[in-house]
Amino acid sequence: MTNILYDALIAPHATNDTPFLVQDSGNTLSYADFVARVAQMAHALVACGVNPGDRVVVQSPKLADTIALYGASLQTGAVYLPLNTAYTDAELTYFIQDAEPAVVVCDAKDEQAISQLCHGTGAKVLTLAADGSGSLSQRANDQPSEFATVPRGPDDLVGLLYTSGTTGRSKGAMMSHRNLLSNARALTDLWQITSADRLIHALPIFHTHGLFVAMNTSLLAGAEVRFMAQFDLEMILEELPRSTLLMGVPTFYTRLLGDDRLTPDRCANMRLFVSGSAPLLAETHTAFADRTGHRILERYGMTETNMITSNPLDGDRIAGTVGYALPGCEVEITNPDDGTPLPKGEIGMIEVRGENVFQGYWKMPEKTAEELRTSGFFMTGDLGIMAEDGRISIVGRQKDLIISGGYNIYPKEIEDVINDISGVLESAVYGVAHTDFGESVIAAVVLEPGALLTPDMIAADVAPKLARFKHPRVYDIMDALPRNTMGKVQKNVLRDTYGKRT
Ligand code: MCA
Ligand code: AMP
């Protein structure tokens, strides 16, 4: 038996001396050196007690070594679990307790706090630091540069990605080797990514977009990656003339458009601009085409399903649509009430089936059963419409979700935190349009009679409990929440009223 993802993404590069990761420091890691570093990391993980199937939690900066750690996790047969670097200790506690990892890798500056969180869990804490000083990097340095790859089959788990839910706790989406490889192959073929490409990588590497879509396709194709520690407008403008590909969230494109240096000349070497994770406004698509001559290719996906649809590489990339189902991926539009398939041209729930669809939620069989049908179709919670030729447009969401700068924010999680504050009677969290992030978070809060809480006091209470990007930017203290006759809070009314006031 082989290890299908490692064998496809990493093993072929053992003697490939071409550049892989070009870092902000100017250092370039070749593919062959990367393969050797992956092996060193694999030895370090095994020496720390990591066995096949064990979870490796990673909340570390965006470093070449972090990608090597991802590779090492594949090679040792472990399950890679990346976490947003913005998560607070309160959020991390849940993930560590739920995933029961063998190892937690964090930034050196967080070692003490994370060690406390891991106390008594059996997880070993290791560090990675940008200057190469972390305990994991140090351990890896002394290891051999070859490692006997642990065999893994197509259905074995390779990744666990937490996604917040519309109700209750975050759920770990279990990804198999087959899930990731099938999607990487479909995208690499469709977007014709080759070793001649140079990708500007400015996304975080703890989500499907930056890790699986961007890195897995680059590895599969042997492309060069200009690996930026974070989104940096200046750096992207500087790199455009010597690159061919950019993958980003819509905020990347609105920010680029805000700079006069974005010109056709600067983009002359670019082959493809891809957008996803949030709706790309038609006006952004059009403005980008007018300014650069490039039509942004919008695609659609989800953590649980990897990528589902894409506009075509050759053919019409139509603003406001997310294109066609990827090869090997079936999409159906169904009646949200009873799940029956709807004819083309009718709005309904987007459902998806294929090798890309996950294995279920970690330790939550009942949640899995609620969202993943026995037929294999996964209910995305997105509402869409399919044209006669199969082209799909997303028209809304059935799930209560805010997408800010490509990050998903679930109102329920924030409402739970606000409602727990002494003096708060109830709250409703909703999104309003934001020019930079697409959507921004607002909280309407009703206080208990006599409570003297101010917005600042509520914000101070929320701060240590939720990552900064989830924090409501406005706390609107109200006498009562608007409700319909069924007693349901009318968030559209809150949104409209807020919009009229600002
Ligand atoms: C940063 N801040 C944010 C966000 N990002 N607030 C709301 N929403 C955000 N997305 C806040 C910080 O907390 C900070 O707040 C201030 O903005 C500046 O922070 P900074 O780090 O400098 O921000 P930035 O560098 O300008 O980042 C914006 C960004 C980034 C480049 C848009 O958020 C980003 O890289 N987003 C991509 C997310 C992504 O990869 N999503 C894919 C997941 P303060 O100053 O007040 O403290 S979805 C996915 O994978 C699915 C499958 C899919 O389809 O792709
Ligand atoms: P996540 O749960 O982080 O995987 O985010 C997945 C969600 O992001 C999807 O269910 C959609 O609601 C949204 N999404 C991703 N790509 C697009 C897109 N191109 N247009 C609109 N929404 C998108």
Of K465, K470, R169, the one forming a salt bridge (Lys or Arg N to Asp or Glu O under 4.0 Å) with E91 is K470
Under 3.5 Å, side chain of [X] to main-chain N/O of [Y], donor-acceptor pair present?
| X | Y | result |
| --- | --- | --- |
| Y94 | S170 | yes |
| D65 | A68 | no |
| K171 | W362 | no |
| D316 | I318 | no |
| T305 | I308 | no |
| E298 | L280 | yes |
| S440 | V432 | no |
| N269 | S243 | yes |
| D232 | M235 | yes |
| R271 | Q192 | yes |

Parallel under 30°, tilted from 30 to 60°, perpendicular over 60°: which one fits the rings of [X] and [Y]?
| X | Y | value |
| --- | --- | --- |
| F273 | F288 | perpendicular |
| F212 | Y70 | tilted |
| F358 | Y361 | perpendicular |

Sidechain N-carboxylate O distance under 4.0 Å for [X], [Y]:
| X | Y | result |
| --- | --- | --- |
| R353 | E330 | yes |
| R226 | E238 | no |
| R185 | E355 | no |
| D496 | K500 | no |

Candidate pair T217 and T188, rule side chain to side chain donor-acceptor pair (under 3.5 Å), full reasoning: CA-CA 6 Å; T217 54; T188 309; 5.0 Å; no
Could you state the interatomic distance from [atom1] ([X]) to [atom2] ([Y]), rounded to the nearest 0.5 Å?
| X | Y | atom1 | atom2 | answer |
| --- | --- | --- | --- | --- |
| L220 | L181 | CG | CG | 6.5 Å |
| I347 | I394 | CD1 | CD1 | 12.5 Å |
| E415 | D420 | CD | CG | 12.0 Å |
| I385 | T321 | CD1 | OG1 | 12.0 Å |
| I458 | Y475 | CD1 | OH | 7.0 Å |
| L81 | Y162 | CG | OH | 6.0 Å |

Apply the test side chain to side chain donor-acceptor pair (under 3.5 Å) to residues T340 and D338: give CA-CA distance (whole Å), side-chain angles for both, the deciding distance (0.1 Å), then the verdict. CA-CA 6 Å; T340 52; D338 59 18; 2.8 Å; yes
Could you walk me through whether R198 and T244 pass side chain to side chain donor-acceptor pair (under 3.5 Å), step by step? CA-CA 5 Å; R198 184 174 196 263; T244 62; over 6 Å; no
Least distance between heavy atoms, [X] atom then [Y] atom:
| X | Y | value |
| --- | --- | --- |
| I333 | G348 | CG2-N, 3.3 Å |
| G248 | Y253 | N-OH, 3.8 Å |
| T254 | T435 | OG1-O, 4.2 Å |
| N306 | M175 | ND2-CE, 3.3 Å |
| V357 | N179 | O-ND2, 2.8 Å |
| D259 | R291 | O-NH1, 3.1 Å |

Look at atom CG of D290 and say whether more than 12 heavy atoms of other residues, nucleotides or ligands are closer to it than 6.0 Å. yes
Exceeds 12 heavy-atom contacts within 6.0 angstrom, atom CZ of R178: yes
Distance alone, cut at 3.5 Å: any donor-acceptor contact between the side chains of [X] and [Y]?
| X | Y | result |
| --- | --- | --- |
| R391 | N311 | yes |
| D382 | Y300 | yes |
| D389 | Y324 | yes |
| Y430 | N492 | no |
| H294 | R317 | no |
| T303 | T163 | no |

Chi angles and distances behind the side chain to side chain contact (heavy atoms under 4.5 Å, CB included) call for L128, D107: CA-CA 5 Å; L128 278 182; D107 195 332; over 6 Å; no
Show, in sequence, the C-alpha distance, side-chain angles and deciding distance for N419 and S427, and conclude whether the side chain to side chain donor-acceptor pair (under 3.5 Å) test is met. CA-CA 6 Å; N419 294 347; S427 64; 2.7 Å; yes
Are Y87 and F95 close enough, and set up right, to give a ring-ring contact (aromatic ring centres under 6.0 Å, His included), and what steps lead you there? CA-CA 10 Å; Y87 285 148; F95 297 124; 5.1 Å; yes
Test item: I414 and P472 side chains (from C-beta on) under 4.5 Å apart, heavy atoms: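 They are in contact (side-chain heavy atoms under 4.5 Å apart), so the answer is yes.
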With heavy-atom distances below 4.5 Å as the criterion, would you say the side chains of W191 and L245 are in contact?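 Result no, sub-4.5 Å side-chain heavy-atom pair not found.
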With sequence neighbours excluded, tell me which residues meet salt bridge (Lys or Arg N to Asp or Glu O under 4.0 Å) with [X].
| X | value |
| --- | --- |
| R55 | none |
| R473 | none |
| E351 | R373 |

Before giving the answer on side chain to side chain contact (heavy atoms under 4.5 Å, CB included), spell out for M386 and E346 the whole-Å C-alpha distance, their side-chain angles and the decisive distance to 0.1 Å. CA-CA 7 Å; M386 192 186 285; E346 286 194 29; over 6 Å; no
If you apply the rule side chain to side chain contact (heavy atoms under 4.5 Å, CB included), what do you find for V446 with V424, and how did you get there? CA-CA 6 Å; V446 179; V424 170; over 6 Å; no
For M349 and T380, run side chain to side chain contact (heavy atoms under 4.5 Å, CB included): C-alpha distance rounded to whole Å, both residues' side-chain angles, the deciding distance at 0.1 Å, then the answer. CA-CA 7 Å; M349 164 90 79; T380 60; 4.3 Å; yes
